[in-house]
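Heavy-atom basis, side chains included; hydrogens, waters and symmetry copies ignored.
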Amino acid sequence: MPDIVSLNLVEPTPDDLSRLLKLGRDPAGGGPSAVIERRLERLAKALLRASVALRDDRPSGVAEAACDAARLARGLGLRRAFRVAQATAALAGSPDRTALAANVARLVRLGDQAVTCIWEEADHSSGA
């Protein structure tokens with residue numbers, strides 16, 4: 001039987017995630033603040049909208065969701081996600097659907113890393 005290879009793509013973003021963790025600390029409890037959690041939730045929803053719009057072949061929907069993601073990423077200090085979101089919005093107007101799909105996938109991956117980072121910090125802070 002052939003070996004099965006599973007690739008888990010992780011893009012190194014230590015500066016962005018470090019900034020996010022510093023920004024996100026709740027002064028009262030040490031874990032992520034409710035404000036940061038809400039912003040990350042809105043970012044996750046924007047990324048989901050971009051993925052669904054891509055699947056449904058709605059480039060204008062991808063562009064709109066990517067612009068929302070760029071705004072949220074910038075506010076969270078996620079510089080790489082901000083740049084990828086801007087590129088994704090720009091690519092939504094091009095005929096290159098392969099490049100658009102690759103950028104949406106990269107944007108989703110970066111957003112997932114940020115959300116996971118905050119969740120892990122919350123679990124660590126709560127002693128879970």
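Under the 4.5 Å side-chain criterion, counting only non-hydrogen atoms from C-beta, L78 is not in contact with L110. Using a 4.5 Å heavy-atom cutoff, the side chains of R80 and R106 are in contact. Between D96 and L100, every side-chain heavy-atom pair lies at or beyond the 4.5 Å cut-off.
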(request) Give the C-alpha distance, both sets of side-chain angles, the deciding distance and a yes or no for side chain to side chain contact (heavy atoms under 4.5 Å, CB included) between E41 and E37. (result) CA-CA 6 Å; E41 183 177 339; E37 288 178 343; over 6 Å; no
(request) Quick one: do N103 and L107 satisfy side chain to side chain contact (heavy atoms under 4.5 Å, CB included)? Show the steps, please. (result) CA-CA 6 Å; N103 273 266; L107 182 58; over 6 Å; no
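The closest donor-acceptor contact from the side chain of R58 to the backbone of R55 lies at 3.5 Å or more, if one exists at all.
Nearest heavy-atom pair across A92 and P59 is O-CB, 3.2 Å.
There is a path of hydrophobic side-chain contacts, each under 4.5 Å, that joins V104 to L91. In terms of hydrophobic clustering, with Ile, Leu, Val, Met, Phe, Trp and Tyr side chains grouped at heavy-atom distances under 4.5 Å, F82 and L43 are assigned to different clusters.
The number of heavy atoms from other shown groups lying within 6.0 Å of CZ (R49) is above 12.
For R42, the side-chain contact (heavy atoms from CB on, under 4.5 Å) partners are R38, R39, L72, not counting sequence neighbours.
Checked for salt-bridge contact, D68 and K45 miss the test: no charged N lies under 4.0 Å from a carboxylate O.
Taking Ile, Leu, Val, Met, Phe, Trp and Tyr as members and joining any whose side-chain heavy atoms lie under 4.5 Å apart, directly or through other members, the hydrophobic cluster of L48 also contains V52.
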